[in-house]
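What you are looking at is a predicted structure, and each value in this text was computed from that prediction instead of being measured.
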Amino acid sequence: MAAFGFGHHKYPSRALRGHVSGQGNDEIRLLRLHPRGKEPKVAVELVIQELGGTMAHPYRALSYTWGASLADTALEVNSVIYTPTRNLYDALWHISGSIHEFVLLWVDATCIDQSNEAEVSQQIGLMRQTYEGATETII
């Protein structure tokens, strides 16, 4: 089984523009989760959205315990294999089975490039704004 995250693959999204300014120039990534219906797999992709002001697309924040165990099933994110933790996979599986159209989720483990220390630091500085901008937080 691969390590948590994208392993040796390049993170499947461009760098985020951010100033930690609170002026609406900061970007976040969102995970677009598609309805699963009777499909046997979870379908997701990363999209970028400007944070603050009028959000182009409403999103929900997902708050969960990362956990130590990896999911048995990897996801494909923007054509790159991603191995989530078991807890994240289970949450995405549950949510995708209960929706009828795609939803946008902010999920820290996936929406922040965890291998990029500068981005992690910048995004942590936006965390309060990110949670406040969500229409709801799923716990």
Side-chain angles (χ1 to χ4, degrees):
M1 174 67 59
F4 163 74
F6 293 97
H8 66 278
H9 298 286
K10 184 175 186 277
Y11 190 79
S13 178
R14 72 164 172 79
L16 295 174
R17 183 184 70 227
H19 302 97
V20 192
S21 64
Q23 301 300 315
N25 297 331
D26 302 306
E27 293 179 327
I28 59 172
R29 283 187 201 88
L30 299 171
L31 194 65
R32 183 179 306 180
L33 177 64
H34 296 270
R36 186 171 35 84
K38 295 181 181 185
E39 293 295 318
K41 68 179 194 170
V42 175
V44 297
E45 59 191 302
L46 285 171
V47 296
I48 295 175
Q49 180 164 289
E50 192 171 290
L51 183 61
T54 303
M55 299 298 287
H57 302 286
Y59 66 94
R60 301 170 184 167
L62 179 62
S63 179
Y64 66 101
T65 302
W66 279 26
S69 63
L70 298 177
D72 296 329
T73 306
L75 301 175
E76 189 174 310
V77 180
N78 297 16
S79 301
V80 176
I81 299 301
Y82 174 73
T83 306
T85 63
R86 166 59 54 198
N87 289 346
L88 176 53
Y89 185 84
D90 288 348
L92 295 175
W93 177 265
H94 176 75
I95 295 167
S96 67
S98 66
I99 57 176
H100 300 292
E101 59 183 333
F102 78 84
V103 296
L104 294 172
L105 298 172
W106 182 80
V107 183
D108 59 351
T110 309
C111 295
I112 300 172
D113 181 355
Q114 300 295 324
S115 67
N116 181 332
E117 291 181 31
E119 180 174 302
V120 170
S121 177
Q122 188 265 346
Q123 290 289 296
I124 287 173
L126 294 174
M127 203 161 290
R128 178 178 176 175
Q129 208 178 338
T130 301
Y131 275 104
E132 286 176 349
T135 58
E136 70 177 326
T137 299
I138 302 168
I139 299 175

* Quick one: side-chain hydrogen bond (donor to acceptor under 3.5 Å, both in side chains) pairs with a partner in residues 33-44, sequence neighbours left out? -> H34-E45, R36-S96

* Could you pull out all residues at least two apart from Y11 that satisfy ring-ring contact (aromatic ring centres under 6.0 Å, His included)? => F6

* Set of residues satisfying salt bridge (charged side-chain N to carboxylate O under 4.0 Å, His left out) with respect to E136, sequence neighbours excluded -> R60

* Asked: Just wondering, do Y82 and E76 contact through their side chains at under 4.5 Å, heavy atoms?
  -> no

* Do Q122 and I112 come within less than 4.5 Å of each other through their side chains, counting heavy atoms only? -> no

* Asked: Can you tell if the side chain of I95 reaches within under 4.5 Å of the side chain of L62, non-hydrogen atoms only?
  -> yes

* side-chain hydrogen bond (donor to acceptor under 3.5 Å, both in side chains) with N78: which residues, sequence neighbours excluded? -> none

* **I28 vs Q123, side chain to side chain contact (heavy atoms under 4.5 Å, CB included): CA-CA, chis, key distance, verdict** => CA-CA 8 Å; I28 59 172; Q123 290 289 296; 3.6 Å; yes

* Asked: Do the side chains of M127 and I124 get nearer than 4.5 Å, heavy atoms only?
  -> yes

* Residue pairs involving residues 92-117 (criterion ring-ring contact (aromatic ring centres under 6.0 Å, His included); sequence neighbours excluded) -> W106-Y131

* To do: Can you measure from CD (Q49) to CZ (R32) and round to the nearest 0.5 angstrom?
  => 10.0 Å

* To do: Kindly write out the residues that satisfy side-chain hydrogen bond (donor to acceptor under 3.5 Å, both in side chains) with S115, not counting sequence neighbours, or none if the list is empty.
  => D113

* Partner set under side-chain contact (heavy atoms from CB on, under 4.5 Å) for A74, not counting sequence neighbours -> I81, T83

* What's the verdict on side chain to side chain contact (heavy atoms under 4.5 Å, CB included) for E27 and L51, showing C-alpha distance, side-chain angles and the deciding distance? -> CA-CA 5 Å; E27 293 179 327; L51 183 61; over 6 Å; no

* Provide the closest heavy-atom pair for T130 versus Y59 in the form atom of the first, atom of the second, distance. => O-OH, 2.5 Å

* Hey, are the side chains of C111 and L46 touching, using non-hydrogen atoms and a 4.5 Å cut-off? -> yes

* State, with a plain yes or no, whether a side-chain heavy atom of T73 is found less than 4.5 Å away from one of Y89. => yes

* To do: Return the set of residues passing side-chain contact (heavy atoms from CB on, under 4.5 Å) with S69 (not counting sequence neighbours), or none when no residue passes.
  => R86

* **Interatomic spacing from CG in L88 to OG1 in T65 - rounded to 0.5 Å** => 11.5 Å

* Contacts of type side-chain contact (heavy atoms from CB on, under 4.5 Å), residue V44, not counting sequence neighbours -> L31, L33, V42, L75, V77

* Asked: Atom CG of D90 and atom OG1 of T85: how far apart are they, to the nearest 0.5 Å?
  -> 8.5 Å

* Could you list who else is in I48's hydrophobic cluster, with ILVMFWY side chains joined at under 4.5 Å, directly or through other members? => L16

* Asked: Does any pair with a residue in residues 118-132 pass salt bridge (charged side-chain N to carboxylate O under 4.0 Å, His left out), and if so which ones, sequence neighbours excluded?
  -> R29-E119, R128-E132

